[in-house]
Every structure is written in structure tokens, then in C-alpha cells.
Amino acid sequence: QVQLVESGGGLVQAGGSLRLSCAASGRTFSDYAMGWFRQAPGKEREFAAGTSWSGGNTYYADYADSVKGRFTISRYNANTVSLQMNSLKPEDTAVYYCAATSRRLATRRGSEYAYWGQGIQVTVSS
């Protein structure tokens, strides 16, 4: 059974940092792109960051404009991805989801991702 499990969420003050991690199990995600999405209360789920990884190397990363320059996605191996979030803002408050797609390049379309984690809460206070 495939599982993606997020960790590292919590409450932080504006301007602070958090690091989210995602560990996948149940299959090897070699050549799968992985991404982070988020959903704020009353809003639709949106893409935050994605990375492609093949042959042991991260060769592509994409970021939503709202997080570019503040968030960094990292892929350590086929089944582990993290999201370093710096300079957090109250508008970053959301449930963050890790996801994996069989596409080689990370895509911003959530419908392209077949595997999803349960989500983890990130709350940024002003």
C-alpha cells in the first residue's frame, strides 16, 4: 500500500521558518515528480512547489509565484522530499499536501498527481 506521510508542520510567527518533510513508502518513486500543494480555509487547493528527480539528481524545480524566493523544495532520494519555508506570512497558513505524479516533470495540475499525503497544518500568526 502506497503511503505519503508529511511531517514538520505547526504554528510559527510571521517571518519565521518551518521545514516540511514527506516520506513515501509502498513503492519506489524513481522517475516520479513530487510536489507540494496547499489549501487555505475557504480556498481551492493550489500548487506550491514541485521537483523532478531521476537517476539520483534533482534536475527541475518549479515554484508558485507566491512562494518563489521564500520556499525551497529538495529531493533527497526517490521517496523523500522536503519543503523549506522561510519568511513565512500569515497568508501561507494552509494545510500542506505532499503528492507524487508519474510524469517526469513536476506539473502544477493537481489532477496529474496520483498519490497524496493526508496533509499537515501550517499556521502563521501575525
Side-chain angles (χ1 to χ4, degrees):
Q1 181 180 358
V2 174
Q3 282 190 312
L4 277 66
V5 179
E6 302 96 341
S7 62
L11 173 65
V12 65
Q13 288 188 331
S17 299
L18 279 176
R19 185 181 187 87
L20 303 182
S21 294
C22 174
S25 61
R27 66 159 296 150
T28 297
F29 285 91
S30 300
D31 297 332
Y32 272 58
M34 297 186 77
W36 289 94
F37 289 76
R38 64 185 187 180
Q39 186 167 20
K43 295 188 177 181
E44 293 187 354
R45 183 181 61 195
E46 65 176 9
F47 171 83
T51 183
S52 303
W53 188 87
S54 179
N57 297 302
T58 298
Y59 64 93
Y60 176 79
D62 186 28
Y63 298 92
D65 288 345
S66 59
V67 309
K68 194 174 296 182
R70 300 186 298 121
F71 291 11
T72 302
I73 188 169
S74 298
R75 187 85 174 262
Y76 300 106
N77 53 46
N79 284 33
T80 306
V81 64
S82 68
L83 186 68
Q84 178 67 41
M85 306 184 293
N86 298 328
S87 302
L88 283 161
K89 305 175 182 180
E91 50 264 44
D92 294 318
T93 295
V95 176
Y96 283 71
Y97 298 90
C98 174
T101 173
S102 59
R103 293 174 63 94
R104 296 288 296 270
L105 289 179
T107 170
R108 298 186 176 197
R109 292 189 295 273
S111 59
E112 301 278 3
Y113 290 77
Y115 302 103
W116 291 85
Q118 295 279 24
I120 192 164
Q121 179 70 45
V122 170
T123 303
V124 184
S125 63
S126 57

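By the 4.0 Å N-to-carboxylate-O rule, Asp92 lies too far from Lys89 to be salt-bridged with it.
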Residues Phe29, Asn77; criterion side chain to side chain contact (heavy atoms under 4.5 Å, CB included); working and verdict: CA-CA 9 Å; Phe29 285 91; Asn77 53 46; over 6 Å; no

Checking side chain to side chain contact (heavy atoms under 4.5 Å, CB included) for the pair Val2/Leu4: CA distance, chi angles, key distance, verdict? CA-CA 7 Å; Val2 174; Leu4 277 66; 3.9 Å; yes

Could you go step by step and tell me if Val122 and Met85 meet the side chain to side chain contact (heavy atoms under 4.5 Å, CB included) rule? CA-CA 10 Å; Val122 170; Met85 306 184 293; 3.9 Å; yes

Applying side chain to side chain contact (heavy atoms under 4.5 Å, CB included) to Tyr97 and Gln39, what does each step give before you reach the verdict? CA-CA 8 Å; Tyr97 298 90; Gln39 186 167 20; 4.3 Å; yes

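Residues Ile120 and Tyr115 fall within the same hydrophobic cluster, defined by Ile, Leu, Val, Met, Phe, Trp and Tyr side chains chained together at heavy-atom separations under 4.5 Å.
With contacts defined as side-chain heavy-atom distances shorter than 4.5 Å, the pair Asp31/Arg104 qualifies.
Partners of Tyr96 under the ring pair (Phe, Tyr, Trp, His ring centres under 6.0 Å) rule, at least two apart in sequence or in another chain, do not exist in this structure. Every residue two or more places apart in sequence or in another chain was checked for a ring pair (Phe, Tyr, Trp, His ring centres under 6.0 Å) with Phe71, and none qualifies.
With rounding to the nearest 0.5 Å, the separation of CE in Met34 from OG1 in Thr101 is 10.5 Å. One finds the SG atom of Cys98 at 8.0 Å from the CD1 atom of Ile73 (value rounded to the nearest 0.5 Å). Atom NZ in Lys43 sits 10.0 Å away from atom OG1 in Thr93 (nearest 0.5 Å). Between atom OG of residue Ser30 and atom CG of residue Asn79 there is a gap of 7.0 Å, rounded to the nearest 0.5 Å. Atom CZ of Arg75 sits about 6.5 Å away from atom OG1 of Thr51, to the nearest 0.5 Å.
Counting only residues at least two apart or on different chains, the side-chain hydrogen bond (donor to acceptor under 3.5 Å, both in side chains) pairs with a member in residues 5-17 are Ser17-Asn86.
Counting all heavy atoms, side chain and backbone alike, Arg38 lies closest to Ser66 at NH2-OG, 3.3 Å. Taking both residues in full, the closest heavy atoms of Ala106 and Ser52 are given as N-OG, 2.8 Å, listed atom of the first, atom of the second, then distance.
Taking the six-membered ring for Trp and the full ring otherwise, the centers of Tyr113 and Phe37 sit less than 6.0 Å from each other. Phe47 and Tyr63 have their aromatic ring centers separated by at least 6.0 angstrom.
Side-chain N/O atoms of Gln121 and Thr123 include a donor and acceptor closer than 3.5 Å. Judged by distance alone, the side chains of Tyr32 and Arg27 do bring a donor and an acceptor atom under 3.5 Å apart.
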